[in-house]
Protein chains: 2
Amino acid sequence: MNSMSLSLTHRQQEVLGFIREQQQTQGTAPSLREVAAHFGFRSMTAAADHVKALRRKGYLTHRPHQARSLRALPLAVDTHHPVERGRIVDIPVYGSIPAGFADDRRQEGREGCISVDVETLGISPSSRTFALEVRGNSMEGRHILNGDYAILEHGMDPRPGDVVAALIDNESTLKTFVKQHGKTWLKAENPSYPDFIPAQELVIQGVMVALIRKYR
Amino acid sequence: MNSMSLSLTHRQQEVLGFIREQQQTQGTAPSLREVAAHFGFRSMTAAADHVKALRRKGYLTHRPHQARSLRALPLAVDTHHPVERGRIVDIPVYGSIPAGFADDRRQEGREGCISVDVETLGISPSSRTFALEVRGNSMEGRHILNGDYAILEHGMDPRPGDVVAALIDNESTLKTFVKQHGKTWLKAENPSYPDFIPAQELVIQGVMVALIRKYR
DNA sequence: TTTAATACTGTTCATATGAACAGTATGAGT
DNA sequence: ACTCATACTGTTCATATGAACAGTATTAAA
């Protein structure tokens with residue numbers, strides 16, 4: 001049965017839990033020998049078998065012959081384990097994004113990381129996600145304030161009305177993406193800020209998918 | 001020099017960016033040979049040297065002799081202490097908070113949970129934290145929109161100007177906490193909504209500490 | 001009864017991988 | 001001139017690691 005083939009035994013749940021936990025706390029997946037050691041298996045084949053079953057059932061992926069390439073897949077329902085938490089991703093926070101994009105300039109000791117589970121923000125784990133600390137109040141008209149954290153995804157196709165981060169004057173700026181009469185430009189959501197009509201090419205660094213604001 | 005020892009060369013930034021990207025998109029860190037291959041190095045020592053430099057400067061950690069154990073650190077303070085990710089907390093989301101408060105009726109398949117690390121939202125793990133899906137636009141004046149998730153902490157002393165969730169007409173509502181001339185009341189941040197002057201006792205369910213908004 | 005999945009032990013093998021050593025070249029700082 | 005960090009090439013070595021093969025025992029389904 002299908003429902004049968006997806007259900008996990010107790011042992012398999014333990015193994016999956018261990019792999020998830022290691023990935024989350026250590027940042028890297030455990031090796032098969034580490035799995036065996038953790039459960040006291042005297043043979044790593046035991047671990048390998050469990051991993052094989054978990055892969056067959058769709059809970060894990062791996063790349064063959066590649067060390068520590070186990071990856072827990074986000075799965076909708078685990079009937080045995082009702083409280084499954086989605087995959088936690090670490091989103092790097094940039095104070096401002098210079099031209100190189102992957103570039104990081106060291107800001108004055110800010111915390112550089114936001115950790116959230118993918119479902120909370122509704123982000124796709126495949127695309128490159130980053131956070132940008134909002135500077136200024138050019139987007140107040142869309143209720144994005146100075147000091148907010150904008151969560152953006154790189155490599156997404158912006159749709160008209162989306163908030164995007166674009167590179168203007170070597171500074172990453174948030175603006176609304178507008179498309180009208182076949183022309184695209186960027187609109188500031190504050191009367192005192194100018195719109196931006198690109199001279200030639202529009203460099204979109206990311207499309208805004210979520211916002212985080214801290215109070216107090 | 002300190003500022004010197006922490007600054008990255010262009011090449012080092014590229015390498016760090018590649019490692020970050022691989023870790024995020026692939027789920028596992030690249031091996032040294034993969035780094036070398038990506039940049040066209042004919043020797044893996046080139047990659048190893050860059051990684052060594054990045055480790056020395058505090059941008060990476062690894063566990064010796066362990067495959068794919070590279071870990072990009074959040075742009076951290078100079079404590080060469082490996083920066084741990086904060087504790088992940090699961091915050092229950094209420095569509096509306098009934099009178100009993102701790103009452104958990106209807107858990108229905110909706111996303112009833114937000115998982116974030118404590119530092120991202122700046123919450124204290126001791127107090128009870130919950131999330132409230134914002135209904136209506138009574139707080140638009142403070143840039144809190146319909147559909148936003150308000151993160152609140154129970155058992156906090158509200159200070160004047162804080163946004164709080166209070167129980168009004170058996171419904172949990174967000175308002176601004178105001179104290180003037182020794183009297184306290186709740187102010188709506190939208191002209192079309194009434195202020196609330198408590199008849200006798202003000203039941204504050206939580207003080208707003210953060211906000212999460214999803215786009216698209 | 002037979003088959004298949006689970007849950008292991010014990011061993012061997014090929015290789016992916018980190019680490020080290022020996023070089024070369026360039027540029028910046030002193 | 002001298003040092004030092006950067007930025008590489010080329011090679012070798014030890015081992016961490018995935019994968020495969022040969023078993024045993026238990027349990028559940030067909």
Side-chain angles (χ1 to χ4, degrees), chain A residues 1-19 22-23 26-72 78 80 100 103, chain B residues 1-19 22-23 26-72:
Chain A
M1 266 84 121
N2 207 339
S3 65
M4 176 58 193
S5 68
L6 290 175
S7 71
L8 298 183
T9 67
H10 181 64
R11 210 37 160 180
Q12 287 168 356
Q13 283 174 43
E14 286 184 322
V15 173
L16 179 60
F18 174 69
I19 293 171
Q22 287 294 301
Q23 175 114 54
Q26 304 303 315
T28 59
S31 67
L32 293 179
R33 277 168 183 80
E34 284 173 356
V35 174
H38 178 263
F39 289 99
F41 302 155
R42 310 188 59 176
S43 168
M44 58 201 157
T45 307
D49 283 351
H50 281 127
V51 166
K52 209 178 290 177
L54 287 167
R55 279 197 292 128
R56 179 169 47 78
K57 294 180 177 179
Y59 287 80
L60 286 179
T61 350
H62 84 309
R63 277 176 291 281
H65 302 281
Q66 189 167 300
R68 297 174 182 277
S69 61
L70 286 177
R71 236 174 110 191
D78 188 340
H80 293 255
D103 239 345
Chain B
M1 310 8 162
N2 207 340
S3 65
M4 175 59 193
S5 68
L6 291 176
S7 69
L8 297 184
T9 67
H10 181 62
R11 209 38 160 181
Q12 287 167 356
Q13 284 173 36
E14 286 184 322
V15 173
L16 180 59
F18 174 67
I19 292 170
Q22 288 293 303
Q23 176 117 53
Q26 305 301 315
T28 58
S31 67
L32 292 178
R33 277 169 183 80
E34 284 173 354
V35 173
H38 179 262
F39 290 99
F41 301 156
R42 310 189 59 175
S43 168
M44 57 202 157
T45 308
D49 284 351
H50 281 127
V51 166
K52 209 178 290 178
L54 287 167
R55 279 196 291 127
R56 179 169 48 79
K57 293 179 177 180
Y59 287 79
L60 287 179
T61 349
H62 84 309
R63 276 176 292 282
H65 302 281
Q66 189 167 300
R68 298 173 182 278
S69 61
L70 285 177
R71 232 176 116 193

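Proteins get letters first, then strands, A, B, ... in listed order; numbering begins at 1 in each.
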Worksheet entry | Test of ring centre spacing under 6.0 Å for B:F18 and B:H50 |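 No, the ring centres sit 6.0 Å or more apart.
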Worksheet item: Got a donor-acceptor contact below 3.5 angstrom from the B:R68 side chain to the B:A29 backbone?
Response: yes
Fill in: Test item: A:Q13 side-chain N/O and A:H10 main-chain N/O as donor-acceptor pair under 3.5 Å
no
Measure [atom1]/[X] against [atom2]/[N] and give the value in whole Å, please.
{"X": "B:E34", "N": "C:dG18", "atom1": "CD", "atom2": "C1'", "answer": "13 Å"}
{"X": "A:H62", "N": "D:dT17", "atom1": "NE2", "atom2": "P", "answer": "15 Å"}
{"X": "B:R55", "N": "C:dG18", "atom1": "CZ", "atom2": "P", "answer": "11 Å"}
{"X": "B:L70", "N": "C:dG18", "atom1": "CG", "atom2": "P", "answer": "7 Å"}
{"X": "A:L32", "N": "C:dA16", "atom1": "CG", "atom2": "P", "answer": "16 Å"}
{"X": "A:R68", "N": "D:dA19", "atom1": "CZ", "atom2": "P", "answer": "14 Å"}

Worksheet item: Is the shortest heavy-atom distance from the side chain of B:E34 to the side chain of A:Q66 under 4.5 Å?
Response: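 Yes, side chains in contact.
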Worksheet item: Is there side-chain contact between B:L70 and B:T61, with heavy atoms separated by less than 4.5 Å?
Response: no
Worksheet entry | A:R42 atom CZ: more than 12 heavy-atom contacts under 6.0 Å | no
Item to complete: Only one of A:Q23, A:H62, A:R63 passes side-chain hydrogen bond (donor to acceptor under 3.5 Å, both in side chains) with B:T28; say which it is.
Response: A:R63
Practice prompt. For the helix from C:dT1-D:dA30 to C:dT30-D:dA1, figure out the bend between the end axes, five pairs an end, and round to 10 degrees.
Written response: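 Axis-to-axis angle, ends of the helix: 30°.
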Worksheet item: With A:S43, which residues qualify under side chain to side chain contact (heavy atoms under 4.5 Å, CB included), at least two apart?
Response: A:T45
Item to complete: Assign each of A:A67 and A:K52 to its nearest nucleotide of DNA chain D by heavy atoms, then name whichever residue's nucleotide is nearer the 5' end.
Response: A:A67
Practice prompt. Encode nucleotides 6-12 of chain C as B, S and - characters from 5' to 3', where the letter depends on protein heavy atoms closer than 4.0 Å: B to the base, S only to sugar-phosphate, - to neither.
Written response: SSBBBBB
